[in-house]
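Letters A, B, ... mirror the listed sequences (proteins, then strands); counts begin at 1.
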Amino acid sequence: MARILIVEDSPEQARVVSALLQAAGFESTIAEDGRRALTLLETELIDLVVTDLIMPRMSGLELVEKIRRRYPSLPVILITAFGSDEIAVKALEQGAASYVPKQRLAEELIDTVESTVGLARERRERELVLDHLEETTCRFELENDQSLIAPLVGYVQESVSSRFHGYDENALMQLGVALQEALLNAMHHGNLEVSSELRKQGSRPYHEEIERRRRNPAFRDRKVRLEARMTAQELVCEVEDEGPGFDPTTIPDPTDPANVLKVSGRGLYLIFTFMDEVRYNSTGNRITMVKRLNRRSEEA
Amino acid sequence: MSAPTVFDSAPLEKLIGMVGEATVREIVELFREHGPLRLEAARSGRRDGDAAAARLALHSLRSSAQMVGCIEVHELAGEGEKLAAEGDLESLEAPLDRLGGALDRALAALVESFPAAGSGT
């Protein structure tokens, strides 16, 4: 049986909510404000939170933000009233799962709670299965079309996020940046052999040259391959191009912060900074990047 | 202009069908206890120049009144809440006075419809 935490400063409104939940077979406990709710969440097993928005001491919005940070998989349903619409929108943006207008509690609360609890349970069960997933490998082959990079990176980030629920958002963003830089390097410098030096003349000549070479038979059929292999411990991304490669020993020290300011070194600097391990093959047309994946809950 | 409806029993009757009469009586008792306290909190907020406190009390009163079908209280508390949200405490005095009368009428209507348990009525 799901256990619901009701956060409501008005005793009679809290009683209405608890009575409706009880009649539908849910257990509930009441916190009179957000602070008390956070204290209860530390000690009680709660499956879902139903909260008012306008309350003394801590608003529902603030509570949603804190719950989202501390218990990312705990769903929150808002009870909204006239005058709280703007806060409700912000709270939904902050991660609240759904809302029920106060004047329609009797009609809509139980359906909303049941569907949200069902979704949360399904997610938890999926997470349970994913906890036992040993390895997944995805392989992609791309033509030299830069517009494919963002959705591909998004896919990889989403895979990490699903597998490692609660994975740190900032680390996920950095992982995406590193992967994006590696894919851009493979397309522009590897396959199309456009030098970063051209960028010194400005972005326009650089991109015009890229477009020319994308149509040039000498370059256009070259592909970029990405293999993303994820285990319980790490994500290994290999990005390979079909260009002539280069001597990796000639790369200036990519961990030197001075390279951040160089047009040609920026991408590599970001890759080396954001990934835990980076290496090239001897011909310089395949980069292997490793990111150790520690769950946020384990880091805390 | 017709007088505002003081009390509509429909919301509570609907609740009775869902959670039972005993629980609804309990909810009514809670409103009878806390409704006047919220009105007093709104008055204190106005007197002390604390618009946020007045708004919070009126917001809570308005929502609770709606749940138990006290329509006039719900509407007047909404007017007061709007003024408090705008920080217009000066203009809040008259609506709060009207709200006091409306709350008395609403509580009387509630007692008539849902006599307190053990009151013998």
For this session: Check each atom of Glu26(B) against the heavy atoms of chain A and say whether the ones under 4.5 Å are side chain, backbone, both or neither.
Result: side chain
Exercise. Do other residues, nucleotides or ligands put more than 12 heavy atoms under 6.0 Å from the CZ atom of Arg43(B)?
Worked result: yes
Exercise. Any chance CZ of Phe26(A) has more than 12 other-residue heavy atoms, nucleotides or ligands included, within less than 6.0 Å?
Worked result: yes
Exercise. Less than 4.5 Å apart, any side-chain heavy atom of Met67(B) and any of Gln103(A)?
Worked result: no
Problem set entry | Nearest-0.5 Å distance, OG of residue Ser63(B) to CD1 of residue Ile79(A) | 9.5 Å
Exercise. What distance separates Gln66(B) CD from Leu105(A) CG, expressed to the nearest 0.5 Å?
Worked result: 9.5 Å
Exercise. Chain A heavy atoms under 4.5 Å from Ile27(B): which part of the residue, side chain, backbone, both or neither?
Worked result: both
Exercise. Does any pair with a residue in residues 84-97 of chain B pass side chain to side chain donor-acceptor pair (under 3.5 Å), and if so which ones, sequence neighbours excluded?
Worked result: Lys82(B)-Glu86(B), Asp88(B)-Ser91(B)
Exercise. More than 12 foreign heavy atoms under 6.0 Å from CD of Glu135(A): is that the case here?
Worked result: yes
Exercise. Is the number of heavy atoms from other residues, nucleotides or ligands under 6.0 Å of Arg47(B) CZ greater than 12?
Worked result: yes
Exercise. Residues of residues 2-23 of chain A under 4.5 Å from chain B (heavy atom pairs)?
Worked result: Asp9(A), Ser10(A), Pro11(A), Glu12(A), Gln13(A), Arg15(A), Val16(A), Ala19(A), Leu20(A), Ala23(A)
Exercise. Measuring heavy-atom distances to chain B, does Ile110(A) have an atom under 4.5 Å in its side chain, in its backbone, in both, or in neither?
Worked result: neither
Problem set entry | Heavy-atom check, side chain of Arg55(B) versus side chain of Ile54(A), under 4.5 Å | yes
